[in-house]
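Here the structure is a predicted model, which means the values were calculated and not measured. Indexing begins at 1, ligand by ligand and atom by atom, following the structure's order.
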Amino acid sequence: MTQIEFSEQFIDILKSAKKVAALTGAGISAESGVPTFRGKDGWWKNHDPMTLATYEAFTRDPVLVWEWYLHRRNIVHKSKPNPGHYALAEMAKLYDDFTLITQNVDRFHMDAGSELIYELHGNIHRNRCIECGFTDYTETFPELPPKCPECEGKFRPDVVWFGEMLPHDAIDNSMRAANNADLFFSVGTSAAVQPAASLPIIAKQNGAFVVEVNLEPSGISHMCDVKYQGKSGEILPHIIEKIKELKGIDK
Ligand code: BV8
Ligand code: ZN
């Protein structure tokens, strides 16, 4: 386990923070074996995820897009949350006002015990009918593209594609949490996708102490107060241990 350093400033804010928020991206699920979006392992059958996660790709070739999502569902089903997800579930118990915001669609935060989660980009296990809005969690289908069991309409994965609006309640509540945060964590995200990537910036502009935990520099590294370059599954548990020590909670 890597040891990590804590600056005086970081220790002070860990002790004094009242409103804490965390934004996670694909990187927090990497140690669970789920490919990231921009990493080299993200490509599938020579397709760049960026070109498949669009409504255009779905209308052009719904079978291909569905095969990609069923492939990813399969990976997620075979994987499980890692210590990074569990650390953030524990962080919610250490601060009365903690908001977890995720770009991920794998539901690992929920599986790790987090309760209040804003899923900005939807949920890979849920299907939604384009015609009537019916949703369900059917995992596999007799034929592709699948039809809505209610109206025979086109069934799609209930995720947010590029060019699509994010769920209003998720993005509105996430913006509010970023606005109000004293302490904001950005974990496992390249900060390349909007509007999620603007959340750490909004937090910083409104006075938050911003901490990045990421394997490599990202689009927001330059403005973070503290940067831990490494694996979130190794670093986040250390931060939890430090918070418990500072709060006099036995480990
Ligand atoms: C919107 C769900 C507005 C689907 C996803 C030009 C043209 C068109 C659109 C745009 C444009 N310019 C800007 C836009 C907007 C666009 C956008 O931001 N594009 C970018 C790419 C330029 N955004 C949108 O379209 C959004 N909608 O803006 O609507 C609108 C307004 C009016 C009317 C209509 C619309 C919608 C964006 C949502 C897209 N859907 N996912 C699916 O999953 O299939 S986004 C996708 O990227 C995933 O959710 C992923 O989580 C997310 C962000 O990526 P990251 O999570 O950061 O993942 P990434 O691989 O990039 O990085 C991983 C990081 O982890 C790396 O830095 C790596 O170093 C690190 N890492 C790896 N291992 C570890 C680690 N860190 C720690 N520990 C480790 N072990
Ligand atoms: Zn329907």
| query | What residues, two or more places apart in sequence or in another chain, satisfy side-chain contact (heavy atoms from CB on, under 4.5 Å) together with Asp182? | reply | Ile13, Ala17, Lys18, Lys19

| Between Val105 and ligand 1, which part of the residue brings a heavy atom under 4.0 Å of the ligand: side chain, backbone, both or neither? | side chain

| Nearest protein heavy atom to atom 46 (C) of ligand 1: under 4.0 Å? | yes

| task | Provide the number and element of each atom of ligand 1 under 4.0 Å from a heavy atom of Gly230. | result | 77 (C), 78 (N)

| message | Does the residue Leu166 have a heavy-atom contact with ligand 1, meaning some pair of atoms that are separated by less than 4.0 Å? | response | yes

| Nearest protein heavy atom to atom 10 (C) of ligand 1: under 4.0 Å? | no

| query | Is ligand 1 less than 4.0 angstrom away from at least one heavy atom of Ala196? | reply | no

| task | Establish, from distance only, whether the side-chain atoms of Asn173 and Arg176 form a donor-acceptor pair under 3.5 Å. | result | yes

| field | Proximity flag Ser218 to ligand 1, non-hydrogen atoms under 4.0 Å | value | no

| query | For the residue pair Phe209 and Phe10, is the inter-centroid distance of their aromatic rings smaller than 6.0 Å? | reply | yes

| task | Go around the Zn ion (ligand 2) and count every protein N, O or S atom nearer than 2.8 Å. | result | 4

| field | Heavy-atom protein neighbour under 4.0 angstrom from atom 39 (C) of ligand 1 | value | yes

| request: For Arg72, counting its heavy atoms only, list the atoms of ligand 1 lying under 4.0 Å from any of them. | output: 42 (C), 43 (O), 44 (O)

| Hey, is Leu120 touching ligand 1 through its side chain, its backbone, both or neither, going by heavy atoms under 4.0 Å? | neither

| message | Show the atoms of ligand 1 that are less than 4.0 angstrom away from any heavy atom in Asn104. | response | 51 (O)

| query | Got a protein heavy atom sitting under 4.0 Å from atom 6 (C) of ligand 1? | reply | no

| task | Considering the heavy atoms of Met50, write down every atom of ligand 1 situated less than 4.0 Å from one of them. | result | 21 (C)

| task | Determine if the distance from atom 14 (C) of ligand 1 to the closest protein heavy atom is below 4.0 Å. | result | no

| said: For the 3.5 Å polar cut-off, considering only N or O atoms, please tell me whether Phe162 and ligand 1 meet it. | reply: no

| message | Just to verify, which of Glu216, Gln229, Glu212 counts as forming a side-chain hydrogen bond (donor to acceptor under 3.5 Å, both in side chains) with Ser221? | response | Glu212

| task | Using the six-membered ring wherever Trp is involved, compare the ring planes of His109 and His85 and label them parallel, tilted or perpendicular (cut-offs 30° and 60°). | result | perpendicular

| message | Once you restrict to heavy atoms under 4.0 Å, what part of Glu164 touches ligand 1? Side chain, backbone, both or neither. | response | backbone

| Does an N or O anywhere in Val213 fall below 3.5 Å from an N or O of ligand 1? | no

| So, Glu245 and Lys242, do they make that salt bridge, N to O below 4.0 Å? | yes

| Is the closest basic N to carboxylate O distance between Glu67 and Arg73 below 4.0 Å? | no

| atom 70 (C) of ligand 1: protein heavy atom closer than 4.0 Å? | yes

| message | When you compare ligand 1 with Trp161, is there at least one nitrogen or oxygen pair between them that comes in under 3.5 angstrom? | response | no

| said: For Ala30, which part has a heavy atom under 4.0 Å from ligand 1: side chain, backbone, both, or neither? | reply: side chain

| request: Go through the steps for Phe141 and Trp66 under the test ring pair (Phe, Tyr, Trp, His ring centres under 6.0 Å), then give the verdict. | output: CA-CA 10 Å; Phe141 305 100; Trp66 263 109; 5.1 Å; yes

| Distance from atom 61 (O) of ligand 1 to nearest protein heavy atom, with residue and atom | Arg38 NH1, 2.3 Å

